[in-house]
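Since the structure comes first, as structure tokens, the remarks are kept for the end.
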Amino acid sequence: MKAVIVDDEQAVRDGINLLIEWEKFGITERFVVGDAQTALQIVSRENPAVIFSDMRMPGVDGIELLQRLRMTNRHTQVIVVSGFDEYSYMKAAIQAKGVDYILKPLRKSELESSLGKAVKQWREEQGLSYSAIDNLYKLKSANTILHERKMVSFLQGELSYSKQIKDLFPLPYISDVCVLLIKNGQDILRRRFDGDVSLMDFAIRNIVRDTVLPVHQMILLRLKTDQWAMLSLSESDVMHSAGIKEPNHKKIQSVVQSLRETIEIEVLYGFSSSTAHVSQGAQLMREAHRSLLACNIFQTYGTQQHSLQTSKNETFLLAAQFERLSRMIESGNKREVSAFIHDFVQNNMRSGRMSLSELQGYTLEANLFLRRTADQYQLQETERLDVEIPLWISDLQQWEEWFIHKLWDLQERLSGEEQGDLFEEIKKYIQTHYHKPLSLKELADRFYLSPPYISRRFKEVYGSTFIQFITEMRIMRAKSLLMHTSLPIVKIAQLVGYDDEAYFSKVFKKDSSLSPKQFRNLDKDKNVQV
């Protein structure tokens, strides 16, 4: 078997080449190169079993390398060597069915672990057709998801313990369960991962694995939106009888720090304080959830996470304000409604102490008010609120935004008034600010309209979605800049609102059936109209 190492940094190439004990994996020849074009020539000639590839390289970059590799050398196994926070790079690794995604700086154990998986996969795929390989990949992915769902159902008390459940756990004891709740998941999903949930999950799993697995036997499970569980496993409960919780707490802090520093994710967490056999996993999960519900939502990164006793502060009871809030809804004054909810939130924030359990109490009260108001005014089923405030929201300011937008939505549905002139203002605002990050939330806050109402009316008034409208404006401006200036494509992408040149090129080609470079090279006078 042969291997190719491609990286434009000689230190990285030499590091991979020297750290791995190649003979024990059956690798007899290695090709070490500094650019992707040379690597592709070698791959075409030598048909290697494995390629270690950097992503950010001059000329042909890692994305194009992986795309061309998948078309010509379907059996060659890919190990990507890069950083966590590159959207397009992680996506390329997934699409190329990469064996692993390794963060620099590199470690011998991680490199050899990835190479072992790659060699095993290469041996299994020999002689299979591409469709068989693709089906095998999909089957393995489906099995992994199925196993994870079974484990989650068991830990949440939906499935009883059985031999089938026992076989899913590599070790018989759980030393602790930690439940992680992401506080800013929707913002990070939109801002860093372009709304791609699977890509964000991929990043989280890699970060946690890189932080924990070299030291601990651990299972990471996605429980629900923005909620994960980390299970530390052991051979017996004796070794965990004393002094183990402090190291585990440090492990959790390391994960929290890594998520924050790498992809800006902030989390709350709760964990169990006892060790038990796997069969008692549901009990440990309940214990971890109780710990999570008791933690202070105002804690900041770098401070010790404290649990609070749940005790509702009488001064800030929301239900006591329902009558006053109903009168504001009837008046149709959105500013008054916003100010009322804002003052309520500020009073709570000044206290500096609120448990997640207390915030969930407010959420249940708010959703009850929204449902009762819809019933009171006999709104038709199609006029009812589409979404209530999520129960597991963990940031009070996000909670404020959700509640205000839901109340505005109620007022809009009750009034039945069309906002034609206001939508012209919104259109002009978008035309002026299309090159900046724009969201429905920003427009909602600026024009005192709920996001669902803007989305719905935008389609009715302009015949396109909010996203389509902005994209069309950006592409139109990009075409003009490509035709009439000599600016680099990466600069044009930035000027029209795209930080990622690869993503800009993808959107442009979808709209125009041409890449930006191809569009620029056309006969401007004859073939292009802007």
Side-chain angles (χ1 to χ4, degrees), residues 16 19-20 50 52-53 55 77-87 89-94 96-121 137 140-141 143-145 147-149 151-152 155 168-171 174-182 185 188 192-193 196-223 226-234 247-267 269 271 288:
I16 296 173
L19 283 172
I20 296 175
V50 182
F52 287 83
S53 175
M55 296 302 284
Q77 302 300 306
V78 175
I79 299 174
V80 173
V81 180
S82 187
F84 287 121
D85 58 349
E86 296 288 350
Y87 167 85
Y89 296 168
M90 285 187 287
K91 190 165 188 176
I94 295 174
K97 299 180 176 64
V99 173
D100 224 333
Y101 193 99
I102 303 177
L103 175 68
K104 300 175 184 178
L106 306 174
R107 290 190 292 269
K108 175 182 173 70
S109 60
E110 192 169 15
L111 286 168
E112 292 195 338
S113 173
S114 298
L115 180 58
K117 289 188 288 186
V119 168
K120 180 181 178 182
Q121 184 74 12
Y137 176 82
K140 287 184 175 180
S141 298
N143 284 337
T144 299
I145 294 171
H147 291 165
E148 181 168 308
R149 287 297 93 200
M151 295 173 78
V152 169
L155 292 168
L168 296 176
F169 291 86
L171 295 174
I174 302 175
S175 60
D176 69 58
V177 175
C178 175
V179 178
L180 302 170
L181 179 63
I182 299 175
I188 297 300
R192 295 187 65 98
F193 297 96
D196 192 329
V197 176
S198 63
L199 194 61
M200 181 168 162
D201 286 359
F202 179 72
I204 290 172
R205 290 181 191 277
N206 272 279
I207 292 168
V208 175
R209 179 202 64 187
D210 185 72
T211 306
V212 177
L213 278 188
V215 181
H216 296 271
Q217 181 67 47
M218 186 271 295
I219 294 176
L220 180 67
L221 302 170
R222 189 175 188 271
L223 301 178
D226 292 341
Q227 198 171 133
W228 296 75
M230 288 168 44
L231 281 66
S232 297
L233 305 179
S234 62
N248 281 348
H249 184 71
K250 290 181 179 178
K251 173 193 66 178
I252 295 166
Q253 289 283 11
S254 297
V255 169
V256 171
Q257 180 179 351
S258 295
L259 288 170
R260 183 178 187 273
E261 293 179 352
T262 309
I263 52 176
E264 302 176 65
I265 279 180
E266 301 283 355
V267 300
Y269 63 86
F271 53 92

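Considering CD1 of Ile182 and CE of Met200, their distance stands at 4.5 Å, rounded to 0.5 Å. For the atom pair Asp176 CG and Lys251 NZ, the distance stands at 4.5 Å (nearest 0.5 Å). Atom CG of Leu155 is separated from atom CG of Leu221 by 6.5 Å, given to the nearest 0.5 angstrom. Note that CG of Asp210 and CZ of Arg205 are 15.5 Å apart. Values are rounded to the nearest 0.5 Å. For the atom pair CG (Leu233) and CE (Met218), the distance works out to 9.5 Å, reported to the nearest 0.5 Å. The CD1 atom of Ile16 sits 8.5 Å away from atom CD1 of Ile79, with the distance rounded to the nearest 0.5 Å.
By the salt bridge (charged side-chain N to carboxylate O under 4.0 Å, His left out) test, Glu112 pairs with Lys24, Lys108, sequence neighbours left out. Listed by chain and residue number, nothing satisfies the salt bridge (charged side-chain N to carboxylate O under 4.0 Å, His left out) test with Lys120 (two or more places apart in sequence, or in another chain). Here Leu168 pairs with His147, Lys150, Met151, Ile165 under the side-chain contact (heavy atoms from CB on, under 4.5 Å) rule; sequence neighbours left out.
The two atoms that bring Val177 and Ala288 nearest to each other are O-CB, 3.5 Å, heavy atoms only. Of all the heavy atoms in Ala203 and Ile263, the pair that sits closest is CB-CD1, 4.3 Å. Heavy atoms only, all atoms of each residue included: Cys178 and Phe271 are closest at CA-CB, 4.0 Å. Among all heavy-atom pairs drawn from Pro170 and Ile219, the shortest one is CD-CD1, 3.9 Å. When all heavy atoms of Val80 and Met55 are compared, the pair lying nearest together is CG1-CG, 3.6 Å.
In this structure, Ser175 contributes its side chain and Ser232 its backbone to a donor-acceptor pair below 3.5 Å. Looking at Ser113, its side chain never comes within 3.5 Å of a backbone N or O of Ser109 through a donor-acceptor pair.
Between Leu231 and Phe169 there is a side-chain heavy-atom pair separated by less than 4.5 Å. The shortest side-chain heavy-atom distance between Trp228 and Val208 does not fall under the 4.5 Å cut-off. Taking 4.5 Å as the limit, every side-chain heavy atom of Val212 sits out of range of all side-chain heavy atoms of Ser258. At least one side-chain heavy atom of Leu115 sits under 4.5 Å from a side-chain heavy atom of Phe52.
Screening Ile145, Asp201, Ile204 for a side-chain contact (heavy atoms from CB on, under 4.5 Å) involving Arg222 leaves a single residue, Asp201.
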Go through it in stages, so that I can follow the logic: the residues are Met230 and Leu180, the test is side-chain contact (heavy atoms from CB on, under 4.5 Å), and I'd like the CA-CA distance, side-chain angles, deciding distance and then a yes or no. CA-CA 8 Å; Met230 288 168 44; Leu180 302 170; 3.7 Å; yes
